[in-house]
Amino acid sequence: MQKREPILKRYKKNPILTKNDVPYPVVTVHNAGVIKTDGRYLMIFRSHLHNGRSILGIAESSDGYRFAVKSKPFMTPAQESIFAEYEKYGIEDPRICKIDEDFFITYSAYSKHGVRIALAKTRDFETVERISLITQADQRNVVLFPEKFAGRYVRLDRPHTEINPWSIWISYSPDLIHWGDSKLIVKPETYHWDEMKIGPGATPFRTDSGWLHIYHGVFRTMDGAVYRLGAMLHDLRDPSRILGVADEWILEPEDPWELTGYVHNVVFTCGAVPEKDGTVKIYWGGADKVMCVGTANVSDLIELCLKKPRKPL
Ligand code: BMA
């Protein structure tokens, strides 16, 4: 066997964002959703406060590498309406998805009632409107598809139950609020790098061969869990059909700021930006403390999904 270049190449100046770049007091900057629109890269990132609960900040960039953080947080836990009850312990891990003219944000809402997913929207990344709490507990890591399928919105879910732990499901909705027709589509694979948990990662993006979706997988070791990133391809017309889940991971904790931080041995993605030149920028949180980025050729990721797949279920 020959040595190979890594498929996902780390940016040399990682980490690209840390707590030192934030003009208000935070302990971490991680797990950011990122989207490119009109040549601007918008990043909504999670930060722990000094009480251990999380808020969402926002940063902007013209090249996808050098981000400037805005002076005020983008979202803090709601103070009124039903959201206040369910966001008391913090808001986490945002994903951004553009559908028509709106940018939708799905994020985890924590409270004494557990973790569930909330949906908000913005048009200008200045003001944000909360729409609905779209799952019950125990749910994290919900990503929307940027297009409708046969007139319905589609999302990837990550419910957790003892009998079917931390797997990826799909659900459908006529209005983004009421969801159903749910189906299990990918499970963790036994004695494999993603055997403990998997979860939807970045918002999937369209390629000629299918929807490319970068996800996270977790392996339990004697030293705790290791979070890595993998790739899967969903059918273009029917995203519940999995064309391939790459058997090999595409990224594992290696840099010092991925090995140690707020939680050690973690790379975790909430955002990927496909570029016109056939590459994709993949963003990840390092050890729940800093933000990092790397690039891959989309065709290499597709090949990995199709040529060397593992069974989805
Ligand atoms: C998960 C979530 C993520 C985090 C990961 C590693 O359960 O809390 O936000 O990055 O654990 O700590």
Side-chain angles (χ1 to χ4, degrees), residues 14-19 26-34 43-49 51-57 74-75 77 86-96 105-118 135 137-143 156-162 165-168 188 193-203 214-221 223-230 249-255 257-272 282-294:
N14 275 344
I16 55 168
L17 214 61
T18 75
K19 64 175 182 175
V26 295
V27 205
T28 65
V29 172
H30 64 301
N31 297 4
V34 187
M43 170 189 279
I44 300 179
F45 58 87
R46 170 179 171 194
S47 286
H48 285 95
L49 300 174
N51 63 4
R53 296 183 177 168
S54 295
I55 61 168
L56 305 181
F74 183 63
M75 287 178 90
Y86 289 99
E87 295 185 3
K88 265 207 181 97
Y89 291 177
I91 51 180
E92 306 185 355
D93 299 3
R95 274 81 174 186
I96 311 169
I105 301 150
T106 46
Y107 60 96
S108 306
Y110 267 88
S111 71
K112 63 183 178 193
H113 311 302
V115 57
R116 59 191 304 202
I117 297 295
T135 71
D138 177 359
Q139 284 259 9
R140 300 178 45 84
N141 308 309
V142 164
V143 304
L156 300 174
D157 297 320
R158 214 291 301 275
H160 171 59
T161 57
E162 220 166 281
W166 300 293
S167 303
I168 298 179
W193 65 270
D194 68 4
E195 88 162 345
M196 180 186 174
K197 303 185 188 190
I198 57 170
T203 299
I214 310 300
Y215 74 104
H216 70 263
V218 187
F219 188 80
R220 201 198 306 261
T221 73
D223 186 34
V226 182
Y227 279 73
R228 299 185 174 93
L229 301 185
W249 67 71
I250 60 165
L251 189 78
E252 69 161 341
E254 264 178 324
D255 273 337
W257 46 85
E258 297 163 349
L259 298 171
T260 49
Y262 195 83
V263 179
H264 68 277
N265 280 328
V266 177
V267 291
F268 191 96
T269 189
C270 295
I282 297 174
Y283 293 86
W284 65 90
D288 284 1
K289 190 143 189 205
V290 299
M291 274 309 296
C292 304
V293 63

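For ligands, and for the atoms within them, numbers begin at 1 and follow the listed sequence. Since the model is a prediction, treat every value here as computed from it, not as a measurement.
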CZ of Arg140 to CD1 of Ile117: how many Å apart, nearest 0.5 Å? 7.0 Å
Which atoms of ligand 1 have any heavy atom of Asn31 under 4.0 Å away? 3 (C), 4 (C), 9 (O), 10 (O)
Logged contact type for Arg46 with ligand 1, heavy-atom cut-off 4.0 Å, is side chain
Taking Val26's backbone N and O only, do any of them form a donor-acceptor pair with Ser47's side chain (distance below 3.5 Å, no angle check)? no
Look only at interatomic distance and state if Glu92 has a nitrogen or oxygen under 3.5 Å from any nitrogen or oxygen of ligand 1. no
Looking only at protein heavy atoms, identify the closest one to atom 6 (C) of ligand 1 and say how far it is in Å. Asp288 OD2, 3.4 Å
Any idea which protein heavy atom is nearest atom 9 (O) of ligand 1, and the distance to it? Asp93 OD2, 2.5 Å
Among all protein heavy atoms in this structure, tell me which lies nearest to atom 1 (C) of ligand 1, with the distance rounded to 0.1 Å. Tyr227 OH, 3.4 Å
Does the cation-pi check pass for Arg228 over Trp249, that is, NZ or CZ under 6.0 Å from the six-membered ring centre and within 45° of its axis? yes
Which of the atoms of ligand 1 are close to Val266, meaning less than 4.0 Å from one of its heavy atoms? 6 (C)
Could you measure the distance from the OG1 atom of Thr28 to the OH atom of Tyr262? Nearest 0.5 Å is fine. 6.5 Å
List the atom pairs, with distances to 0.1 Å, where a side-chain N or O of residues 283-292 and a protein N or O form a donor-acceptor pair under 3.5 Å, not counting sequence neighbours.
residue: Tyr283; atom: OH; partner: Gly64; partner atom: O; Å: 2.8
residue: Trp284; atom: NE1; partner: Glu258; partner atom: OE2; Å: 2.9

Has the side chain of Asn31 got a donor or acceptor atom that lies under 3.5 Å from a matching backbone atom of Pro94? no
Aromatic ring pairing Tyr227/Phe268, orientation class (parallel under 30°, perpendicular over 60°, tilted between): tilted
Considering the heavy atoms of Phe268, write down every atom of ligand 1 situated less than 4.0 Å from one of them. 3 (C), 10 (O)
Judging by distance only, is a nitrogen or oxygen of His30 under 3.5 angstrom from one on ligand 1? no
Short list, please: which atoms of ligand 1 are under 4.0 Å from a heavy atom of Val263? 12 (O)
With rounding to the nearest 0.5 angstrom, report the OG1 to CZ distance, Thr203 to Arg95. 8.0 Å
Give the residue, atom name and distance (to 0.1 Å) of the protein heavy atom nearest atom 2 (C) of ligand 1. Arg140 NH2, 3.1 Å
